[in-house]
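As structure tokens, the structure follows; a few thoughts come after it.
Order of appearance sets the numbers: ligands from 1, and atoms from 1 within every ligand.
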Amino acid sequence: MKTQYYTASSLDGFIADRDNSLEWLFQFGEGPTSDYPGFIKAVGAIAMGSTTYEWLLSHQIYPETGPQQPWPYDQPTWVFTTRVLREIPGADIRFVRGDVRTVHEQMVSAAGGRNVWIVGGGDLVGQFHDHGLLDEIIVTFASVTLGGGAPLLPRAIVSPPLRLVAAQPYGTGFVQLTYEVPSGRK
Ligand SMILES: NC(=O)c1ccc[n+]([C@@H]2O[C@H](COP(=O)([O-])OP(=O)(O)OC[C@H]3O[C@@H](n4cnc5c(N)ncnc54)[C@H](OP(=O)(O)O)[C@@H]3O)[C@@H](O)[C@H]2O)c1
């Protein structure tokens, strides 16, 4: 069982642009890499911050234009927020706040031996890393730079450095890098 940060990023380290848009990513079409079905199958619990959740609400679940899509995850999902957010009937979503350690314990228990996925944003992933709870970072870097936006992982991880365990190019648009986080779980 691993706690993973799986995401897509611009080459200069942003997971959304300054307007919280992902158009830079979607210009390549959906599913830039072929590994997502295998990845998500091994995930037993999911966490995300409120900006990411609200992006899903406004772009996929309740879009202003276009068809509504169902909540994309079967796994129980913890959404971090200090506010009261719109709920999605039928989706297993738990709104939480504060210390990530207690939530991580609940996630590991619910995951039943499968992996825990921290969807983002970067600071929330950083909070898990601050407590030694992040095991792996899988980033698909798109061949674009954004110059600013939501940071990939606003933490200094210098010594020991991350350990690169895989590098997989996908055409001219993407390269996926997989890193082990050496501090691991404490
Ligand atoms: N490229 C990709 O594949 C990818 C993946 C994921 C996300 N994204 C995008 O990247 C952007 C990320 O946005 P973001 O950096 O603002 O991150 P975020 O983690 O989605 O949202 C940050 C918010 O989460 C809440 N939060 C975080 N930690 C908390 C804690 N311990 N307790 C209570 N609440 C907590 C706070 O919300 P409140 O103000 O509600 O308290 C905080 O303002 C979004 O636009 C998202 O759509 C892209």
Side-chain angles (χ1 to χ4, degrees), residues 3-37 39-40 43 45-64 69 71-73 75 77-88 91 93-107 115-134 136-155 168 170 173-179:
T3 297
Q4 300 168 302
Y5 181 27
Y6 176 100
T7 193
S9 173
S10 66
L11 187 58
D12 54 344
F14 299 102
I15 61 171
D17 73 13
R18 289 190 176 95
D19 302 318
N20 277 321
S21 169
L22 297 177
E23 285 310 311
W24 56 273
L25 180 60
F26 294 145
Q27 70 171 328
F28 294 95
E30 282 192 24
T33 66
S34 53
D35 69 314
Y36 182 76
F39 165 78
I40 195 68
V43 167
I46 292 172
M48 67 182 67
S50 66
T51 312
T52 302
Y53 177 73
E54 290 187 302
W55 187 93
L56 284 166
L57 283 182
S58 60
H59 289 79
Q60 296 191 1
I61 315 299
Y62 305 118
E64 274 182 24
Q69 297 170 44
W71 177 245
Y73 307 119
Q75 297 89 341
T77 302
W78 282 257
V79 174
F80 282 83
T81 185
T82 56
R83 296 173 292 133
V84 176
L85 302 180
R86 184 170 181 179
E87 299 186 20
I88 303 169
I93 296 170
R94 303 125 196 242
F95 296 99
V96 289
R97 66 178 70 188
D99 197 324
V100 299
R101 286 173 291 187
T102 42
V103 174
H104 188 261
E105 279 176 21
Q106 295 165 20
M107 294 179 74
N115 296 325
V116 167
W117 177 23
I118 317 300
V119 180
D123 182 72
L124 181 63
V125 174
Q127 292 175 48
F128 283 84
H129 178 264
D130 293 342
H131 295 293
L133 297 172
L134 183 66
E136 192 170 70
I137 300 172
I138 305 167
V139 187
T140 301
F141 284 99
S143 305
V144 302
T145 61
L146 296 175
L152 172 64
L153 183 51
R155 292 294 188 278
Q168 173 69 53
Y170 289 92
F174 296 97
V175 62
Q176 186 178 71
L177 304 182
T178 301
Y179 293 95

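The closest approach between L22 and ligand 1 falls below 4.0 Å for a heavy atom of the residue. Residue contact check for ligand 1: T7 places a non-hydrogen atom closer than 4.0 Å to it.
Geometric assessment of R86 against the ring of Y62 yields a positive cation-pi assignment under the 6.0 Å and 45° thresholds.
Interface of N20 with ligand 1, defined as ligand atoms under 4.0 Å from a residue heavy atom, comprises 11 (C), 44 (C), 45 (O). Residue G49 approaches ligand 1 through these ligand atoms, each under 4.0 Å from one of its heavy atoms: 18 (P), 19 (O), 20 (O), 21 (O), 24 (O). Close approach of ligand 1 to A16 is summarised as follows: ligand atoms under 4.0 Å from at least one heavy atom of the residue are 9 (C), 10 (O), 11 (C), 45 (O). The atoms of ligand 1 that sit less than 4.0 Å from any heavy atom of V119 are 5 (C), 6 (C). In summary, the atoms of ligand 1 found under 4.0 Å from a heavy atom of G120, numbered by their order in the structure, are 19 (O).
The closest heavy-atom contact to atom 18 (P) of ligand 1, among the options A150, G121, S58, comes from G121. The closest non-hydrogen atom to atom 43 (O) of ligand 1, taken over A142, S50, P151, comes from S50. Nearest-heavy-atom check against atom 20 (O) of ligand 1 across L25, I118, T52 picks out T52. Within the set T82, V79, D17, L85, the minimum heavy-atom distance to atom 41 (O) of ligand 1 is found for T82.
Judged by distance alone, the side chain of D17 and the main-chain N or O of N20 form a donor-acceptor pair under 3.5 Å. Formation of a donor-acceptor pair under 3.5 Å by the Q4 side chain with backbone atoms of V119 is not found in this model.
Between W117 and F39, the ring centre distance stays below 6.0 Å. Taking the centre of each ring, W55 and Y53 stay at or above the 6.0 Å mark. Between F174 and F141, a ring centre-to-centre spacing not shorter than 6.0 Å is recorded.
Distance CZ/R97 to CZ/R83: 10.5 Å, rounded to 0.5 Å.
The proximity of W55 to ligand 1, defined as any non-hydrogen pair under 4.0 Å, is limited to the side chain. Contacts between Q127 and ligand 1, counted as non-hydrogen atom pairs separated by less than 4.0 Å, involve the side chain only.
Paired with Y6 under the rule side chain to side chain donor-acceptor pair (under 3.5 Å), one option of N115, D35, T178 passes, and it is D35.
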